Every structure is written in structure tokens, then in C-alpha cells.
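The next block holds one structure in the form of C-alpha cells; read it before the comments.
Keep in mind that what you see is a predicted model, and the values were worked out from it rather than measured.
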Amino acid sequence: MASVKPDVDPAETPLLTALGGSTVVAVQPTTYTDKYAGLTPYEISVLREQVETPIVKTTFFSAYRFATKKDILLVALAVLLAMIEGSLKALMPIMFGLFAQNFVEYIQSRDFYDNYGGYENFLQYNATFHNVTNIETTDFQSKLYFDSPYYNGTFNDTLVPQYISPYDFQRQANYDAVYFIYFAVVEFITSYASTFVFNDRGEILAARIRKNYLASIMKQNMAYFDNVGTGEITTRISSDTLTIQDGISEKLGYLISFSSTFACSFIVGYSLSPRLAGLLTSIAVLIVASFYFASSRMTALYNNASNGASSGGSVIDEILSSIRNVQAFGIQERLAAKYDSSLSLSQKYAQRAGFYAGAITGIAWLGLYLDDAMVFWQGAQFLARGEISLFAVVTILPSMVLGLLAITSIAPHVRAVTAATSAINKIYTTIDRESAIDSSSKPGRTLSRLEGNIELKNIKFIYPSRPDVTVMQDFNLQIKAGATVALVGASGSGKSTIVGLIERFYNPVCGQVLLDGVDINDLSVKWLRRQIGLVSQEPILFAGTIFENVAYGLVGTPHECASEIEQRELVEKACREANAMIFIDSLPKGLDTHVGERGFLLSGGQKQRLAIARAIVANPKLLLLDEATSALDTNSEGIVQDALDKASKNRTTIVIAHRLSTVTNADMIVVMKSGTILERGTHEQLIALRGHYFELVQMQSIQRHINEEIENFSDNALESHYAENSIDEKAVVLDDQDRECWSEEDKIWDSNKDAGATQLLLSRSHTAKSISSFLISNVEGLHRKYSVIELVRFLFELSLPERNINIAGLVCAVIMAAGYPYNSIIYSDGVDALGELPDVDRMNQRLLKDIIIYLIMGAIELIFPIMTVGLFTYAGQRLVRRIRMRTLRQISRQDISFFDKTENTAGALTFAISRDSGAIEALSGVTLGQIVSSLIMIFGGLGVGLVVAVKLAAVTSPCVPLLLAAGCYKFYLLAKHQENLTEAYSKSSSYASEAAAAIKTVAALTREDNVVATYASTLDAIYHSGRRQNSYAAAIYGIAQALVYLTQCLMFWYGSNLIRTDGYSVFMFFVAVIAIVNGSQYGSIIFTYAVDMAKAYDAAGNIKRLYDKTPVIDSWSDNGVVPQNVQGDVEFKNVHFRYPTRPNVPVLRGLNLSIKKGQYVALVGASGCGKSTTVGLIERFYDPLSGQVLLDGQDVSSLNINAYRSHIALVQQEPTLYSGTVRENVKYGSLDSEVSDEKMIEVCKQANIHDFIMSLPDGYDTMCGAKGSLFSGGQKQRIAIARALIRNPKILLLDEATSALDNESEKIVQAALDNAAKGRTTIAIAHRLSTIQKADLIFVLENGRVLESGTHQELLANKSRYYELVKLQELESKEH
């Protein structure tokens, strides 16, 4: 039963078809009819307005929409500086031409006059020549003149080269070399300033985009979230905004700089020779046209790839936010396969885009070599005819080539800008969406005096995401001010819909909702919601303290700006009324205790009480209670219900309830079914009718004789006796360890642990430390840091499946890059050949060979860049897909304690997967090809230079390591900065994800502005913390760029010395210059990717750290005994437990209980007594600190985890569904993914959900929406129960499995569960004691121990704690 280890290559298809004994279910496509059929045009417009998102037209410049005048001025300055920097590079060919002309003229002068033994001898021979009458009588030296190209049949003084003395030559070279120093200073200033400003403003503008995106999300109407999952929002606000930031930061500066170089190079060329430059421009036009076509295709393809990755983000969020359910059912691989289908789409489009990126580079290289060939062909002819100078030819060629090289270097940065343009459209589509119900909109009436009369008039309602199902038709209901009205009825009858309409979460397609006679559509949305206190069925808390969570209820009230002391008084009062102060006072930090993301550190009952306190703290005029006490234990429910009864006075209260005991005192009870009202009246009136309500009461009735036995019991004594004196089983870790003390539990633990652990404890002095001390000493240390070599080896091992592809890409990259060092030889030979003038024939003979070589190289350099970038992209996308898949699988494999840590929230982990894989992706493809090429150019150039001109290369080559060192230091700075950003952005993304996931609660509390402001302050802190690092990195980049000019200064100065003293030729000099200096300059482009490399370094470390983490309870492990013939006996033997993240808080303190096979056992007790922890230990989400959990006498820790869990099914308190069809969700429970539809239908009937499913237009093919958002709580719960039953487990765990069901469904489902319990062990956690009366054994837990146990009748006879709980759940008054 053990899962297969992750050695499968998810980059292959089909993927994950047989992992862990499961296969991907292929759902047959369903033919859907027009979903708006039968609706009027007005109704269709109302629905579409709420759910559809129009596509907006954006451009790259839309990124600057939120820029201030200061930002615009700074960005404009950065653009200007980048243009100056690029223009400066375009001036280099002029210097190059000046030196080339000076060198050629000096060498011609030197060689000519050396033939005569010097200039003075030439003058003597020249005088002798004029007296010669017969050439035969001329001395040998004079004859040299007649044989030289300077003799054209007659004596011609004009063809004799001008004499240049070595001193004059060196003085001019020194003078020209100084310009390089000036250029270096200007280069440092412009490159540093432009890079810093682009990065600085890029971060600020990206932060504003993030803020406005979140603000837009916060104001959207609820129907928008029915189709957009939290994961997609997290991906957009993290990954897409990072893409935008990347495209408007330093890469934009590089793009402008290279573009400026390209443009100015052509200006230089045209100023020197319009004819020759025009010929070269024809080649440039071809390149620009190809560039435009390829970049537009690349943008479209990357846009499609991004959509695939974003849709996968919602799948990740679903998996990680319900990780307990995922691990319990072992469906990691099946859900991962859904994620992989999104990745396959992304991979396909990105791989295609890679070949287009390669085509850009290939065509540019082709143009470069065609330019060389054109200049040496036509330029030489112009030179021979005297139409242009040698200076012009030698300047135009490198100038135009430099322009084309700029185009080849521009491709990765164009990709960044085009990717940013694509991301801008996705982000702005949301930002510009006009919400149908906009809470941020200022227009709208406010009532000076609010009474609280509510009327729903002729309401027709349809959920926008499910337009083919009418929820309400001609619905009418009046609620008088100050009245308490209860809504009861089956799940899906429309009760929660009424709450949604009053809160204005949705708009009805017809009819009106009136408040004091005013249509709420005319009221300010924010004002309306501030008059309402809402407690939802599933309580939502936010990461922060208890005080902060309750104080959120004061937002928008006069108390919002009150002092903290006043607010604390109000919060404490509300918490006491909600019966929350009892457990709050037991916490070490009281109201300042952190609750964790979404309140996961508290039990369901504790969260619900805080939600109630939050709802009543502002004393609202309207109170909406949607199953407000559903998650409370019996005792707390009674006390809280009493508080709610008091809170309901003098305000209009609408109560949605399944427990009818909570609504008997309501002024009016409305019985609903299928969106219509069946009955209405008081409790007594409806009981007297003996209609539908009477039947519901009968279903929830507890045996009548209990009332007589306990009628004299004192409620006051009961309440004081049962005061909750234990903290939550998941309460928060104590920061002050001095609060620990020796306890009975600690002594028991010491006596039961193995000798090694005992010795460890006893070896220290007896301080106030015990079990928690032992745990704290074993807490995982700080994150390990990996060296660059380790991470390179790690990525190499990860990419082994693509080894052959990468080798092929590397070979292509070597061939592509080797062309540049070889070009230095051909180019230098061409320049040297121009010096053959006036011997035109010899010049043309040498140039013809060079031109042919250039044409061959052009063809090669067209093909191999396409192959290089295409292959690297193809391999990189496969690698990224595999990393994403394996990272998700590795995360979902971790122990549950891993997810308990505050840094490992679903939002943070979703962001991490997107960020880290995206960083690896950014380093692959065209970027990797460019880096490999740059390295080959640098070291290949050094090699060629040392071979051809050893002295010159030996002196100047040490400058190259300086250049590399500067780049490496920039990489180091950026890596450190990226590490800090990773943690900061992870926290901010987690916060945004939490707010988006709880959007209904945020909207009800009108916390939208508060959420956005908090998020903005977080982003502001990130910006200020990283500004200095940005400045340092920009300065290092400026130094690296300036070093190129200083190296050229040294090269030209020392080279001129070698020409003067060592007889260096033009060929030798220019080979060294082009191969070393220009090669290093072009190769230094590698450091423009320092940010990408830093991100990839950080990402690789995060990924390796995760991959190296092996969980204690490992679903990938084959270890452990596979249980055979499982009976279902469960036993806890002296179990002690503390949550690993809260080692100072004892939860179970010596729990002992024994459950025999086939027994139906119930666990009851106050919230925080250890019930859910017991279920978690049975599922083996955790291992106990001491003691044993046994299955059929075997310690569960010795069993194979997958085989063990295959015999268990879990139904949690808060039901979890996944995006996809109902069919898929039910079948997730089966070990066999190919389970028949007949079996599925059978269990759905048992769970009382089949009829409802079949009533939907698409039946079992109905989509559930993100996290089951398209179904009510009761409907989701019944689907979850069906999912558990289809597993046919030996052990069935029900954690409040019927808490969300209406009375009628509860009775049917409970009967089904009773039948399902036959032949298997069933363990139920229950607050509704009516559901467990028939249990074979009931355990009453308190403070982590069994207080009493027995059958229902036995425990009643004991007249102890269970007796008290039953008293509090009495449904009918004595007279009924």
C-alpha cells in the first residue's frame, strides 16, 4: 500500500497515472445547454454584471498609471541616463576607428621607411633617384620604390606615406587613450544612477500595483469569487506583480540602453557614409521586422503560459488549505495530477515561445555577419575609389555591428518587458473591473435614524455562477424592527441566501430588499454593512491577536479611533457576553494571544465565540446569526445562546438554525423549503399546527423522561461547575518559558519514555523544565545555507532527465559563442587587408576569403542560436514543471506539524511554489543560453588573444577577473537582498491570501480599507529595508561597466607601445582587442542577469532545503508493517501529547480508552478538551509524546502509514470540497479511482444528497466551484459524508459530521451513518447529544483525560458531567 517514491518524471505525459495505486480519472465531457436559457434580458444582465470580467486594453505604459509626478520625473531621468549610457557605447567605434587609422598609417609609414633604413636614408635615396637615367643603374634600395604600389609608372610624391615618428605616434595614442578614462567616469555615473532609479521606482510602482490589485479584490462582489480561487489571487499578487516589477526595473534600463546603442550606432554610421550605412540598414530592417514578429508571438505565447500557471495556483491552494483531508484520504497524487494538467499547458506554450526567442538572437547574429561581409565588400570598393576614408570604414563597421550586437543582447530583456506587458493586462483586468456591488463607492444614501424594519419583496434570486438554478421565486418576508426571526429548513432551502441578500453580497434578479422602507440598492454599501453584525456558519478569524480580531468589529464605528484602553474595555465586555473570556483568561497572554492564520490555533468552538464577540462588540442595529452556535459544545452553547438572547434585545435579529433548541424564544420562526415559506409563527404556534416544524422538533427530540429526572437541577450551579478552566487543545505557544512547571503529566512522561530520553532529562538539574524542555532542545535549527557549488550540483541532478537535451543545447551554445572569438581573427584580417592599399588586387584577394567565411558563419549563427535557446527552453520548462510538481508533492507529504507553523500558511506556500519555480524558469531558456555564450566569449577571447598577441593579452587579461569579480560581488549582494525579499513577500502574500479567502467576513466587517492599508504598510517596510542593497548592487554594476573602458584604455595605450617597440601588426593588435576587450564587454552582459541568478540561487536553496526535509510520518515510505485482516480495535494507552509548535501547552495528559471492533463510540466534552486531537492521533497526523495508539493491538507508529490510513475515513467539522465535479469529489474517497457510478450513487443516497444532485441540470457533472463555494454548508457536508462512505472503511471518524445538516437531513443521514457503522468501528465527536444516544460507548473528556464513560443510560444514571450536558440540550419545554 505504500506510495511510489517520486522518481516519476512529471514532464512526461501521461503523468502520475499509477501513483499510490491511483489513476487520473478521465471525466467524460458533458454537453451543456445555454445556461441563461429562459431568463429575460434584464435578468441576464443582472447576473452577467456580477460574474463577468470584461477584458481591458493595456499597454506597457499602463504600469505607470499609479506613478506620481516625482516618479515620472525620476523614471524620465533614469531613461535619459540609460540613453546616455547606451550612446556612450556607440562612441566607442569612433575611438576604435581613430586608433585603427592611426595604427595603419603609422605601420605603413614604419614599414615603408624601414625599407630605406629610416626616414633620413629615404630622403637621400629620393635625391639619388632624380639623377638616374637608367633604371638598371639604380642601386638596389632605390629599386624598391619601383616595385612598390607607390610607383604608378611615373614618380608620384603624393603616394609616398607621410612620415610619422614613433614619438608623435605614441603621444597621439596617449592623448586618445585618456578619453577612455573620461568615458569610464561618465559610464559609472550613468549606469549606477539609471540602474538604481529603475530598481527603486520599479519596487515602489510594483508595490502600488499590488496595493491597488488587492484593493480591487476587496471591493469585488461575491459572485466574482465563485469563479476565481484564492490560489489564483495569490499567484497574481505575487508572481504576476513580480513579473511586472522585473519588466519596469533594471531590465527596462538595459533595454533602453541597448536600444540607444542600436540607434546611435546607426547615426554614427550615417554621419560618416550614408551610402555604406544605407546598405547596412537594409540588413537592420530585416532584423527589426523579424524581431517585431517574433516578440509579438513570444508575448502571446507567454501570456497563454502564464494563464496555465495561474490556474494551477488555485489547485495548490485547495490542496494546502485542506491538507489534513488530503492526507487522510491519500489523494495527494490525484489532486497533483490536476495541477499538472495546468502545468502541461503552461509548458507547451513556453516551449514554443523559447524558439521564437532563439530566432530573435539567430537573425540578429546573421545580420551581424552580413554587415561584416557587406562592409568588407562594398566598403573596400568605396575606399579604393577614394570615396571614404579608412577611418570611416573601420568606424562604420564596428558601429553597425555594435548596434546589431545590442539587438542580440536585447532579447532576454524584451522577454521581461513583454512578460510584464502580459502580466499588466491580467492584473489591470481585475483592477479596472467595476464591481456590481462596490463597497468602496461613495454614492449611496445613509439613514439618519435606523429602526431595523426589513422586508424582502417579490424576490427572485439566482446565483450568478449557477444561472440555471432558481433559488427563490416571488419570495416575500417582513421582519419588524427589534424582532428576532429564525429561519429553519433543509439545506439549500435559501436561508443563507437571505443573509447574503441583506448583507448585499448578491443582487436579486427581481424584487427588492427594503430597510426601513428604503431599497438597500440605494443605500451606501459600506454604511449598510456597518449596521449589521454577522456571525457566519464557518467562523473566520485573521492572523493576529484575539484583541485585534474582536476589535475588527469596531471598524467604521465611532469607537474605531478610540484609545486602546477604551477599545479593550469594549472587547472584554463583548468576550464575556460571548462566553469567551473563560478560555481567554486561561491563556498566558490573554487577549494578546495570537490565533494563527485563519484562527487555526483555536478550536472551532473558541473561534465561534470570538466571532460572536466581534459581531456584538459594536452594538449593531441588525444581527445576522448564520448557525452562530453550531460549533459550540453543549455547555457553551447554552451560555452563549443566553448571551445572544440578551444581545438580540432592541435590535433586529435573524437567526439561521438547524438546532431548534436555539430558536424556541424567537418572535417568529419561518420554515423554508426550496426558496419558499411553508410555515411561519412562534414556536408555540408552530408546535400547535403539528406541521413541518413539529416534525423537525420531533427529529431533534431527546427522551422525554430525561426532563423529569433532571428538572430540579440548578442551572446556576451547573454553569459555575462547568466553567471552562482548560485552555484549548491547540492553544498558542507560550513565549515565556518560565511559566512551565513540573506536573503530574511530566512525571508520568519521564517514567514512560525510553532510557535515553530519561537519562537526558535526569542529567540536568531540576529546573522548571520538563517535556517541553526536551522538545525545545530538539526544535529544528535555522535554515541551512548551501554553497553555490552544492546548488549547481543539485540543479544538475534535478535536470538529469533532460541531460541529452541540455548537452545538445550546450554544444549549440559553444558553436554559437565560438563564432565571436573566431570573428576577431577574421575581422582583424579584414582590417589588416584594408591596409594593402593602394594594392587593390591584393586587398580584394584577401577580403574575398573573409567575405566567404562571414557568409558561412552567418548561416551557422542563424541556426545555432535558435537551437540553443529552443533546446534550453524546452529542457528548462520540463525541469520547471517537474520542480513545481515535486515541490507540491514534497510539501503535501510533510507532517501536519509543518503546516502548523506560522510561516507555512497555504498562501505562503502557494507563493513559494510560484516564486521559486519562476526564478528557476527565468534562468532557463534564452537567459541560460546567453550566460553560457557570455562565458565562452570571455574565456574563448582570452585564449585567442594569448595565442595571437601574447604580450598584449598577458597584460590586459588580468583586468577580466576584476570584471568578473565585480559581477560576482553584485550577485552576492543581490542574493542576500533576494533572501530578505523572499521572506518579506511571503508574509505579505500570506496576508493577502488570508484576506481574499475570508472575503465575506472582510466585507461584512467593512475591513477592506484596513486590509489594504495594512498590506500597503508591509510593502512600504519591504521597500525601505531593501533600498540600501539596491544602491550597493547598482554601484557595483557601474564599477563593472567602467572597468570595461579602463581595460580598453590600458589595451590601446599598451598596444600602441608594442606596435612602436615590438613591431606588432594591425592584425595582432585588433585580434587581441576584439577577442579580449570587446569579448569581455559583450560577455559582461552575463552580469545583467545577476538579479535572475540571485533569485535562482535563493530559489534553489529553498527547493533543496525542502527536498532534504524528510517527515517523521512519511507517506512516501515503504517502511512499516502492512496490517492484515484489520478488525478495528482502537486503544489509547497512557497517551500524552503536546502540539510540536506549542511544546509548553499540554493537551492530552495520560489518555486511556479502549474501543472494540464494530463499536459506535462518541467523544464529548467542552471545546479544547482533546476530542479533535484524539481523532488526529488516530489518523496519525501526529505521534504522541509518550504512550501508544494501538490498532488491533499493534502500535500504529509501526504500521505502514498508507496501508493504515486506507482503513480509515474522516469527515471533518468543516467540510472540504475541491474544484471539479461532484462525481470527482465523491470518488476521491475511494481507494479505486475507477470505482463505479453505481457505488457512487449508492453512497450518495445514504448521505441524502443524491436527490439534490439529480435536481441540478448537470447532475453529477455539476461543478463544485473553488473549495465547494457553489454549495451550501449542509450540501458540502453531505457530499463529504458520501466521500467517506465510498471508502468502505474499517474505522469511520466523524468530527461533527452532521453539524451542518438540517433536522430532516440529519435524521436521514444519522440513520445512514448508524447503518454504515455496522461491521466497522465508528468514532464520533459530537456536540449534539441527540446524535449519539445510541452509541455503544460514550467517553466524556476533560483536560485531556477521560472523566467518565458508559452508555447513554449509564451516564445519565451517574448524574455527572454528561448528565449536565444533556440537561442543557433539552429541546422542548416541560409542557410540550
Side-chain angles (χ1 to χ4, degrees), residues 1-4 20-22 324-333 896 1112-1133 1135 1151-1163 1173-1184 1187-1212 1227-1235 1239 1242-1243 1246 1280-1295 1297 1312-1325 1335-1337 1339:
M1 294 299 299
S3 294
V4 177
S22 64
R324 285 170 172 79
N325 194 73
V326 169
Q327 289 195 1
F329 284 95
I331 54 176
Q332 296 97 318
E333 303 300 346
I896 294 299
V1112 176
I1113 305 169
D1114 190 0
S1115 61
W1116 287 1
S1117 174
D1118 294 325
N1119 298 330
V1121 178
V1122 177
Q1124 304 293 333
N1125 299 320
V1126 174
Q1127 300 299 308
D1129 292 333
V1130 177
E1131 183 177 3
F1132 278 64
K1133 280 184 144 185
V1135 170
L1151 179 65
N1152 290 280
L1153 56 84
S1154 179
I1155 302 169
K1156 301 300 181 184
K1157 68 175 182 179
Q1159 279 190 324
Y1160 189 112
V1161 173
L1163 304 178
T1173 300
T1174 303
V1175 168
L1177 290 174
I1178 294 174
E1179 274 282 3
R1180 210 185 162 206
F1181 291 151
Y1182 307 92
D1183 282 334
Q1188 292 178 302
V1189 180
L1190 306 176
L1191 173 67
D1192 295 344
Q1194 292 180 290
D1195 193 324
V1196 297
S1197 63
S1198 67
L1199 302 178
N1200 177 270
I1201 185 62
N1202 294 304
Y1204 169 65
R1205 285 178 179 164
S1206 69
H1207 299 288
I1208 303 174
L1210 171 66
V1211 181
Q1212 292 180 294
K1227 289 189 176 183
Y1228 280 146
S1230 175
L1231 298 174
D1232 176 15
S1233 61
E1234 300 295 336
V1235 64
K1239 179 65 176 176
E1242 178 186 343
V1243 296
Q1246 293 177 15
I1281 292 171
R1283 180 174 60 203
L1285 295 179
I1286 202 172
R1287 198 174 183 83
N1288 193 25
K1290 289 292 184 180
I1291 300 172
L1292 185 61
L1293 304 178
L1294 308 174
D1295 189 352
L1313 290 175
D1314 291 342
N1315 293 329
K1318 295 177 181 177
R1320 62 169 58 95
T1321 305
T1322 303
I1323 301 172
I1325 295 177
D1336 300 315
L1337 189 60
F1339 290 99

The side chain to side chain contact (heavy atoms under 4.5 Å, CB included) partner of Q1212 among V1175, N325, I1325, L1294 is N325
Tightest non-hydrogen contact, residues T1321 and D1129, listed as OG1-N, 4.5 Å
Determine yes or no for a side-chain-to-main-chain donor-acceptor pair under 3.5 angstrom, with D1295 supplying the side chain and A1324 the backbone. no
Rounded to the nearest 0.5 Å, what's the gap from CG on L1285 to CZ on R1320? Could you check? 7.0 Å
Just by modelled atom types, is the I1201 backbone N or O under 3.5 Å from a matching donor or acceptor in the N1119 side chain? no
CG-CG distance between N1200 and D1114, expressed to the nearest 0.5 angstrom: 10.0 Å
Enter the distance from Q1188:CD to E1131:CD here, rounded to the nearest 0.5 Å. 8.5 Å
Decide side-chain contact (heavy atoms from CB on, under 4.5 Å) for Y1204 and V1121; before the verdict, give the C-alpha distance in whole Å, the side-chain angles of both, and the deciding distance to 0.1 Å. CA-CA 9 Å; Y1204 169 65; V1121 178; over 6 Å; no
State which residues pass side chain to side chain donor-acceptor pair (under 3.5 Å) with S1197; sequence neighbours excluded, sorted by chain then number. D1195
Heavy-atom closest pair (Q1127 atom, D1192 atom, distance to 0.1 Å) is N-OD2, 2.8 Å
When rounded to the nearest 0.5 Å, the distance separating OG1 of T1174 from CG of L1151 is 5.0 Å
Is Q327 close to R1205 at the side-chain level, that is, under 4.5 Å between some pair of heavy atoms? yes
Rounded to the nearest 0.5 Å, how far does CG of L1153 lie from CZ of F1339? 4.5 Å
Side-chain contact test, heavy atoms from C-beta onward, threshold under 4.5 Å: evaluate it for P1289 versus I1208 and give yes or no. no
With sequence neighbours excluded, tell me which residues meet side-chain contact (heavy atoms from CB on, under 4.5 Å) with A1284. F329, A1209, V1211, L1292
For K1157, I'd like to know if atom NZ has over 12 heavy atoms of other residues, nucleotides or ligands within 6.0 Å. no
Is a donor on one side and an acceptor on the other found under 3.5 Å between the side chain of D1336 and the backbone of Y1160? yes
Shortest non-hydrogen pair, Q332 vs S1115, comes out as NE2-OG, 3.9 Å
Of all residues at least two apart in sequence or in a different chain, which pass the salt bridge (Lys or Arg N to Asp or Glu O under 4.0 Å) check with D1183? R1180
Nearest heavy-atom pair of I1291 and V1130: which atoms, and what distance? CD1-CG2, 3.7 Å
So how far is it from H1207 NE2 to L1191 CG, rounded to the nearest 0.5 Å? 8.0 Å
Hey, mind stepping through F1132 and I1155 against side-chain contact (heavy atoms from CB on, under 4.5 Å) and telling me if it holds? CA-CA 9 Å; F1132 278 64; I1155 302 169; over 6 Å; no
I'd like to know if the side chain of K1227 and the backbone of V1235 have a donor-acceptor N/O pair within less than 3.5 Å. yes
Which atom names give the shortest non-hydrogen contact between L1177 and P1184, and what distance separates them? CD2-N, 4.1 Å
Using only atom types and a distance under 3.5 Å, with no angle test, would you say the side chain of S1230 pairs donor to acceptor with the backbone of R1287? no
